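Some notes on the structure that comes next.
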Amino acid sequence: MSAEKLRETLEFYRDLGFTSLYQRAPSEAPVRETVSADSEPVRIELPELAPAGDSLQRIRADIGDCKRCRLHEGRHTIVFGSGDGEARLVFVGEGPGADEDMQGLPFVGRAGQLLTQMIEGTAKREGIPLERKDVYICNVVKCRPPENRTPEPDEMEICGQFLFRQLSVIRPGAICALGATAARALLGRKEGVTRLRGNWYKWRDIPLMVTYHPSYLLRPYNQNAKREAWEDLKKVLHFVYD
Ligand code: SF4
């Protein structure tokens, strides 16, 4: 690889938020060392990051029957993502829940039905011809965390590389991060959604809006948040489709 190409590649990884890189040993699959709870180094196989000519099919093939993090232990199905692979808008959630884990599709449970309603209802009210199938929807982690707990930082880092590749391949006009975990994975920001929502940020050079995760909006005492989420979505839809 030329020095110029190497510099570009390193800058690309830095923009993606990677602070460490692994080295491919001769005749070996790429590996990365991480530290487990009992501080014993664990070797994890990683695929090449953002390879040339990448595609959603190739990313799915690289994921394979993934066991790169502990979330594989309780999963039923890997939930890769669904929708238009050339979508102008991508929604990123946290991780699959029970329904998603069983069906292998993101956002198909109650929170998913609310998300569909929000996308299609807002689009209709705003005169934008858009259905759920026209956007792309995926999550930070592709396997269901036990008891729907928040993914751990190492799980987000390991699985996040697939999300970054998905976004790099689709290159949408905007990304909508649903909830604090997606905001943290994509922006590296630890503030709560209440502080981040409603404003534009960037993931690499792609505009990104943070809003509430639909599962938060299902709680009866969060009516204000519901109104705010609708406002955020309205902004995103007009930005992308006007
Ligand atoms: S969550 Fe991601 S990295 Fe972890 S096992 Fe599942 S697909 Fe692999």
Side-chain angles (χ1 to χ4, degrees), residues 12-13 16-24 28-51 54-83 85 90-109 111-112 136-170 175 177-188 203 213-215:
F12 174 72
Y13 291 143
L16 292 180
F18 283 90
T19 51
S20 57
L21 293 174
Y22 58 89
Q23 188 174 21
R24 187 188 291 269
E28 245 187 50
V31 294
R32 173 183 182 278
E33 290 207 337
T34 190
V35 179
S36 65
D38 57 6
S39 291
E40 281 295 312
V42 176
R43 283 160 71 85
I44 297 169
E45 276 193 24
L46 293 180
E48 202 180 336
L49 287 169
D54 208 5
S55 66
L56 292 178
Q57 290 76 4
R58 183 164 171 187
I59 301 165
R60 182 62 190 88
D62 283 346
I63 291 177
D65 183 26
C66 186
K67 295 187 168 102
R68 294 175 181 87
C69 83
R70 66 183 82 78
L71 292 183
H72 81 275
E73 290 164 11
R75 74 155 182 251
H76 185 263
T77 323
I78 290 174
V79 180
F80 181 65
S82 72
V90 174
F91 289 87
V92 179
E94 178 174 303
D99 295 311
E100 291 76 15
D101 180 50
M102 290 311 292
Q103 295 186 42
L105 292 167
F107 284 93
V108 288
Y136 192 82
I137 304 178
C138 56
N139 285 304
V140 175
V141 293
K142 313 295 187 215
C143 300
R144 182 191 180 198
E147 312 297 326
N148 295 339
R149 68 159 167 77
T150 305
E152 299 288 346
D154 62 326
E155 296 159 356
M156 286 166 59
E157 190 190 348
I158 295 168
C159 206
Q161 65 183 304
F162 299 119
L163 169 66
F164 296 160
R165 283 176 60 189
Q166 283 173 299
L167 294 173
S168 299
V169 164
I170 300 171
I175 298 166
L178 300 167
T181 301
R184 186 173 300 190
L186 293 168
L187 299 175
W203 178 79
H213 192 286
S215 61

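Everything numeric here is computed off the predicted structure, so don't read it as measured data. Atoms within a ligand are numbered from 1 in the order they appear, just like the ligands themselves.
Salt bridge present: D65 and R75 bring a charged side-chain N and a carboxylate O closer than 4.0 Å.
With sequence neighbours left out, V79 forms a side chain to side chain contact (heavy atoms under 4.5 Å, CB included) with P96, E100, P106. Under the side-chain hydrogen bond (donor to acceptor under 3.5 Å, both in side chains) criterion, R184 pairs with no residue, sequence neighbours left out. With sequence neighbours left out, S215 forms a side-chain hydrogen bond (donor to acceptor under 3.5 Å, both in side chains) with H213.
Residue-environment remark: NE2 (H72) exceeds the threshold of 12 foreign heavy atoms within 6.0 Å.
Residue-and-atom listing of protein N/O/S atoms under 2.8 Å from atom 2 (Fe) of ligand 1, sorted by chain and number: C159 SG.
Here the side chain of N148 pairs no donor or acceptor atom with the backbone of G97 at under 3.5 angstrom.
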